[in-house]
Amino acid sequence: MYPQYVNVDVATTRTPEQTHRMFVDKLKAGDLNGAVECCVVKGNQKEILDLLNGVKSRGQMDLMLGDIGEIKQES
């Protein structure tokens with residue numbers, strides 16, 4: 001009677017904050033492939049990797065990391 005959702009029974013292994021920290025740490029280390037593999041949905045990985053490579057080639061990685069370095073929660 002009710003629809004079944006694809007990810008309904010997937011065990012959560014990390015909090016969103018842990019995933020964000022892992023992503024940022026890998027970017028800071030220059031591991032773009034690792035950042036994408038650990039933290040981006042498989043269907044979007046190529047697109048995000050291309051985007052990150054573009055940011056890096058323009059020399060704007062530090063600027064981007066400054067923008068996404070911390071999670072800002074709205075109340």
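Atom set for the values below is all heavy atoms of this structure, side chains included, hydrogens, waters and symmetry mates excluded.
- Sorted by first and then second residue, the salt bridge (charged side-chain N to carboxylate O under 4.0 Å, His left out) pairs with a member in residues 31-44 form an empty list; sequence neighbours excluded.
- The cluster map of Ile, Leu, Val, Met, Phe, Trp and Tyr, joined by side-chain heavy atoms under 4.5 Å apart, puts Val24 and Met22 in different clusters.
- Of all heavy-atom pairs between Ala35 and Phe23, the closest is O-CD1, 3.4 Å.
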Contacts table for residues 48-68: side-chain donor-acceptor under 3.5 angstrom, sequence neighbours left out:
residue : atom : partner : partner atom : Å
Asp50   : OD2  : Lys46   : NZ           : 3.0
Asn53   : ND2  : Leu49   : O            : 3.2
Ser57   : OG   : Asn53   : O            : 3.4
Ser57   : OG   : Gly54   : O            : 3.0
Arg58   : NE   : Gln60   : OE1          : 3.2
Arg58   : NH1  : Gly54   : O            : 3.2

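- Of all heavy-atom pairs spanning Gly69 and His20, the tightest one is O-CE1, 3.6 Å.
- For Arg21, the salt bridge (Lys or Arg N to Asp or Glu O under 4.0 Å) test picks out Asp25, with sequence neighbours left out.
- Not one N or O on the side chain of Glu47 forms a donor-acceptor pair closer than 3.5 Å with the backbone of Asn44.
- In this structure, Arg14 and Cys38 approach most closely via the heavy-atom pair NH2-O, 3.0 Å.
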